Amino acid sequence: MANTEKSSSAHLFHVKPIRVLFVCLGNICRSPLAEIIVQGQAEKKDVREQFTFASAGTGDWHVGRPADVRSAQTASQHGLDLSQHRAQQITANKINDWDWFVAMDDDNRSNLLAMGVPENRLLMMRQFETDSAISLDVPDPYYGGTEGFEDAYVMLCDNADHILDYLLNQRG
Ligand code: 4NP
């Protein structure tokens, strides 16, 4: 019943989903976590139907592979499921499949700009944190220990609401 109501109201107002791609390097550690955390937060805020979420890497090394086991474990420790994730790569020919790109770190941002992503559709995952002294990067946990994955999880949770509010406001 709830689903029927939601889809019929979306139809009534002709609401196009806001298409958001979370981007890191390999699409096995950070951006898959970002995707499910922000999606979960959108569900809590009851705005999930207004969005299409996915994630991708700028590199192709892990295309088709599941999330890093450490990311999947971190997710499951917090009640989130990454088991269906398969890595994909963002390339220039797919830029217009997305309204917004959310980069995990400054290298990801530079790579997206070099690919042709317009600056006005490109956000940093941490750009709405208020302490301007901090780095805006979600550090790459791939070569470190498991604690780096929990740190990434906390950073992503701290910023999920900011990102959603910004994107909803941009649509007006
Ligand atoms: P991610 O982490 O960009 O957060 O998915 C990485 C995954 C793989 C590699 C680097 C970072 N790699 O060099 O293979």
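One-based numbering along the sequence shown. Remember, predicted model here, so these are calculated numbers, not experimental data. Order of appearance sets the numbers: ligands from 1, and atoms from 1 within every ligand.
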Can you confirm whether more than 12 heavy atoms, excluding those of Lys44, are under 6.0 Å from its NZ atom? no

Test your reading of the model: is there a side-chain donor-acceptor pair from Arg126 to the backbone of Asp137, 3.5 Å cut-off? yes

Tell me, with the steps shown, if Glu147 and Arg70 meet salt bridge (Lys or Arg N to Asp or Glu O under 4.0 Å). CA-CA 9 Å; Glu147 68 283 355; Arg70 298 163 295 177; over 6 Å; no

Residues lining ligand 1 [heavy-atom distance under 4.0 Å, listed by chain and residue number]: Cys24, Leu25, Gly26, Asn27, Ile28, Cys29, Arg30, His62, Asp140, Tyr142, Tyr143

Look at Lys16 together with Asp99 and state whether they make a salt bridge at an N to O cut-off of under 4.0 Å. no

Just by distance, no angles: are the side chains of Asn159 and Glu129 close enough, under 3.5 Å, to form a donor-acceptor pair? yes

Could you go through Glu49 and Glu43, starting from their C-alpha distance and side-chain angles, then the distance that decides it, and tell me whether this counts as side-chain contact (heavy atoms from CB on, under 4.5 Å)? CA-CA 8 Å; Glu49 284 71 22; Glu43 282 161 15; over 6 Å; no

